[in-house]
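Input: a single structure, listed below in structure tokens.
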Amino acid sequence: MKYWLLKSEPDTYSFSDLASASSSGTIWDGVRNYQARNILRDEIKVGDYAFFYHSSCKEPGIAGLCMVTETGLTDPSSLDPASNYYDPKSSPDNPRWITINVVADRALKRVITLKELRQHEALSEMVLLNRGRLSVQPVSENEWDYILGLESS
DNA sequence: GCCAACGTTGGC
DNA sequence: GCCAACGTTGGC
């Protein structure tokens with residue numbers, strides 16, 4: 001099992017939105033970056049866990065944990081002409097944007113902020129802190145465990 | 001296939 | 001709202 005970090009703007013879709021979604025969770029739609037798409041399509045597996053990260057907001061940071069329940073899904077927004085994420089170069093026969101379904105696992109006891117993460121030498125190699133713009137990223141097991149260890153501190 | 005121009009992300 | 005970083009586009 002591997003660990004990941006998924007970014008969302010909480011004004012658009014927050015961790016509490018996922019937590020209050022139906023038991024089937026949500027499709028992680030709208031990713032339009034090839035590196036992130038490749039991770040969604042090729043690397044993330046059912047049963048993997050991810051941090052749910054709030055970006056572009058007052059307090060950027062990790063708000064909760066979620067679990068991957070399905071992979072290999074065509075992003076429905078890419079085929080919807082009414083969507084902001086519509087991509088005319090994608091089609092049902094040859095979908096360009098492949099994604100996953102996730103469910104909420106649990107909220108963290110507190111949001112672990114980006115500012116706090118930056119203060120820990122043990123996390124200095126985190127993708128989040130070095131290639132901040134990537135919206136789907138790997139998290140090492142050591143980083144995962146370390147960050148969960150901060151939760152109660 | 002280079003690279004300048006342009007667009008987007010996302011912290012601050 | 002600014003702007004640095006960086007991904008994408010498109011002319012050549």
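Reminder, nothing fancy here: chain letters follow the sequence lines and each chain counts from 1. Given the structure is predicted, the values throughout are model-derived calculations rather than measurements.
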query: Counting distance only, does the side-chain N/O of A/H54 pair as donor-acceptor with the main-chain N or O of A/F15 below 3.5 Å?
result: yes
- request: Measure the distance from CG on A/N84 to P on B/dT9 and round it to the nearest whole Å.
  value: 11 Å
A/S90 backbone acceptor or donor facing A/S78 side chain under 3.5 Å: no
Check: A/Y146 ring centroid to A/H120 ring centroid under 6.0 Å: yes
query: What pairs with A/E9 under salt bridge (Lys or Arg N to Asp or Glu O under 4.0 Å), at least two apart in sequence or on another chain?
result: none
field: Pairs satisfying side chain to side chain donor-acceptor pair (under 3.5 Å), at least one member in residues 131-140 of chain A, at least two apart
entry: A/Q35-A/R131, A/S140-A/E143
task: Quickly work out the A/R37 CZ to C/dG7 P distance and round it to whole Å.
output: 15 Å
A/E59/A/R110 ion pair, N-O < 4.0 Å: no
query: Within this structure, what is the CG-to-C1' distance between A/N130 and C/dA4, rounded to whole angstrom?
result: 16 Å
- prompt: Between the axis at one end of the helix from B/dG1-C/dC12 to B/dC12-C/dG1 and the axis at the other (five pairs apiece), what's the angle to 10 degrees?
  reply: 10°
Would you give me the side-chain donor-acceptor pairs under 3.5 Å for residues 63-76 of chain A, sequence neighbours excluded?
{"from": "A/T69", "atom 1": "OG1", "to": "A/N101", "atom 2": "O", "distance (Å)": "3.2"}
{"from": "A/T69", "atom 1": "OG1", "to": "A/N101", "atom 2": "ND2", "distance (Å)": "3.0"}
{"from": "A/D75", "atom 1": "OD1", "to": "A/S77", "atom 2": "N", "distance (Å)": "2.9"}
{"from": "A/D75", "atom 1": "OD1", "to": "A/S77", "atom 2": "OG", "distance (Å)": "2.6"}
{"from": "A/D75", "atom 1": "OD2", "to": "A/G30", "atom 2": "N", "distance (Å)": "2.7"}
{"from": "A/D75", "atom 1": "OD2", "to": "A/R32", "atom 2": "NH1", "distance (Å)": "2.9"}
{"from": "A/D75", "atom 1": "OD2", "to": "A/R32", "atom 2": "NH2", "distance (Å)": "3.4"}
{"from": "A/D75", "atom 1": "OD2", "to": "A/S77", "atom 2": "OG", "distance (Å)": "3.4"}

query: Tell me the ring pair (Phe, Tyr, Trp, His ring centres under 6.0 Å) pairs involving residues 58-111 of chain A, sequence neighbours left out?
result: A/Y34-A/W97
Identify each atom pair where a protein N or O and an N or O of nucleotides 10-12 of chain B are less than 3.5 Å apart, giving names and distance.
{"from": "B/dG10", "atom 1": "OP1", "to": "A/K7", "atom 2": "NZ", "distance (Å)": "2.7"}
{"from": "B/dG10", "atom 1": "OP1", "to": "A/R133", "atom 2": "O", "distance (Å)": "2.8"}
{"from": "B/dG11", "atom 1": "OP1", "to": "A/Y53", "atom 2": "OH", "distance (Å)": "2.8"}
{"from": "B/dG11", "atom 1": "OP2", "to": "A/S56", "atom 2": "N", "distance (Å)": "3.0"}

message: If I take atom CG in residue A/N38 and atom C1' in nucleotide C/dG7, what distance separates them, rounded to the nearest angstrom?
response: 13 Å
task: Would you mind reading off the distance between A/Q35 atom CD and B/dT9 atom C1', rounded to a whole angstrom?
output: 14 Å
